[in-house]
Amino acid sequence: MPFPSRPGRPWLCAWLCSAVALLTACATPLPAVQWLRLQANPPDAAQVSRVVSGPVQLMGAVALPGHLDRDPLLVPQGLSGLQPLGTARWAEPLRDAVPRLLHADLALRLGAPVWAAPLPPGLVPAVQLRVDLQALDVVPDLRHVRLQARWTLADPQGRRAPQVFEARFDTPAAAVSDADALARAHRAALWELSARIAASLAAAR
């Protein structure tokens, strides 16, 4: 004689199937993280041009937007949203890498020392520079990086009024949605910014 069905058995079967599915999902390895960095060397040969008669003093920290202070490489989502590009992550925070590389790039472009405040005793700068980086973002086409910056040049002796400059430009990446290509575009954009700052210093002499 067949056994009578037990109440609750369909619920138990469904629960066991869910548990098996969950364990299977947990056993699936996660995608490997792609660690990115901004290369120390500029993307092309340094173009040294002595445009100042003495050292340049970089005043304060290079300001960056708050959303750049995150590990993922962020790309646009919709009109105002951002999302990580896969598993791409910055190995060094941009708040550290960007000021350090811009400092080094300016020294190469200018052919003169670039000092952060405060200066060594007895050293008088030829000009004081303050940089505000307003954007360093991947644009919606996912193959360009847009940099927007504002910088100020001031005479340490106060003989001239401070001069304010702005720049906004897009730097192409070699491939669409490619994290490595976009990281290299970030680096090229910083190198281009150093060229524009150097040009403004030359014009201000």
| task | List the steps, then state whether side chain to side chain contact (heavy atoms under 4.5 Å, CB included) holds for Val176 with Asp141. | result | CA-CA 8 Å; Val176 178; Asp141 69 4; over 6 Å; no
| query | CG of Leu153 to OG of Ser200: how many Å apart, nearest 0.5 Å? | reply | 4.5 Å
| request: Is it possible for you to say whether Leu136 and Leu38 belong to one hydrophobic cluster, with membership spreading through side-chain heavy-atom contacts below 4.5 Å? | output: yes
| To the nearest 0.5 Å, what is the distance between CG (Leu101) and NE2 (His186)? | 12.5 Å
| query | Could you go step by step and tell me if Leu94 and Asp69 meet the side chain to side chain contact (heavy atoms under 4.5 Å, CB included) rule? | reply | CA-CA 6 Å; Leu94 291 180; Asp69 193 15; over 6 Å; no
| request: With the side chain counted from C-beta on, respond yes when Pro55 and Leu123 share a heavy-atom pair under 4.5 Å apart, and no when they do not. | output: yes
| request: Considering non-hydrogen atoms only, spot the tightest contact between Arg187 and Gln39 and give its length. | output: NE-O, 2.6 Å
| field | Remaining members of hydrophobic cluster (4.5 Å side-chain criterion), Val164 | value | none
| task | Considering non-hydrogen atoms only, spot the tightest contact between His103 and Ala116 and give its length. | result | NE2-N, 4.1 Å
| request: State plainly whether one hydrophobic cluster holds both Phe169 and Leu133, where clusters connect Ile, Leu, Val, Met, Phe, Trp and Tyr through side-chain heavy atoms under 4.5 angstrom apart. | output: yes
| query | How far does CH2 of Trp191 sit from CG of Leu147, to the nearest 0.5 angstrom? | reply | 14.5 Å
| field | Same apolar cluster: Val98 and Leu68, side chain cutoff 4.5 Å | value | yes
| NZ/NE/NH1/NH2 to OD/OE distance under 4.0 Å, Arg37 and Glu92 | no
| field | Residue pair Arg130 / Thr152, side-chain donor-acceptor N/O under 3.5 Å | value | no
| field | ILVMFWY cluster, Leu74 and Leu36 together (side-chain gap under 4.5 Å) | value | no
| Do Ser177 and Arg143 come within less than 4.5 Å of each other through their side chains, counting heavy atoms only? | no
| query | Can you tell me if CZ on Arg100 sees more than 12 non-hydrogen neighbours from other groups inside 6.0 Å? | reply | yes
| query | Looking at Ala175 and Ala181, what are the two nearest heavy atoms and their distance? | reply | N-CB, 3.8 Å
| task | Please test Arg109 against Leu201 for side chain to side chain contact (heavy atoms under 4.5 Å, CB included), starting from the C-alpha separation and ending with a verdict. | result | CA-CA 11 Å; Arg109 292 282 195 188; Leu201 281 163; over 6 Å; no
| task | With rounding to the nearest 0.5 Å, note down the distance linking CD in Gln83 to CD in Gln77. | result | 4.0 Å
| field | Min side-chain heavy-atom separation Pro76-Val138 under 4.5 Å | value | yes
| Checking side chain to side chain contact (heavy atoms under 4.5 Å, CB included) for the pair Trp115/Leu58: CA distance, chi angles, key distance, verdict? | CA-CA 6 Å; Trp115 293 85; Leu58 188 58; over 6 Å; no
| task | State, with a plain yes or no, whether a side-chain heavy atom of Trp151 is found less than 4.5 Å away from one of Leu129. | result | yes
| said: Any non-hydrogen side-chain atom of Leu102 less than 4.5 Å from a side-chain atom of Ser194? | reply: yes
| request: Identify the heavy atoms of Ala198 and Leu110 that sit nearest to each other, and give their distance. | output: CB-CD2, 3.7 Å
| query | Minimum heavy-atom separation for Leu108 to Pro42, with atom names? | reply | CD1-CG, 4.1 Å
| said: So Gln34 and Arg89, do their side chains get closer than 4.5 Å, heavy atoms only? | reply: no
| message | Rounded at 0.5 Å granularity, tell me how far CD1 in Ile197 sits from CG in Leu106. | response | 5.0 Å
| Measuring from Glu166:CD to Arg196:CZ, what's the distance to the nearest 0.5 Å? | 12.5 Å
| message | If you compare all heavy atoms of His67 against all heavy atoms of Asp137, which two are closest, and at what distance to 0.1 Å? | response | NE2-OD1, 2.8 Å
| query | Taking a hydrophobic cluster as the set of Ile, Leu, Val, Met, Phe, Trp and Tyr residues connected by side-chain heavy atoms closer than 4.5 Å, whether directly or through intermediates, do Leu190 and Val139 fall within one such cluster? | reply | no
| said: Here's one to test your reading of the geometry: is the NZ or CZ of Arg70 within 45 degrees of the ring axis of Trp90 and under 6.0 Å from its centre? | reply: no
| field | Residues forming a side chain to side chain contact (heavy atoms under 4.5 Å, CB included) with Ala185, sequence neighbours excluded | value | Val145, Thr171, Ala173
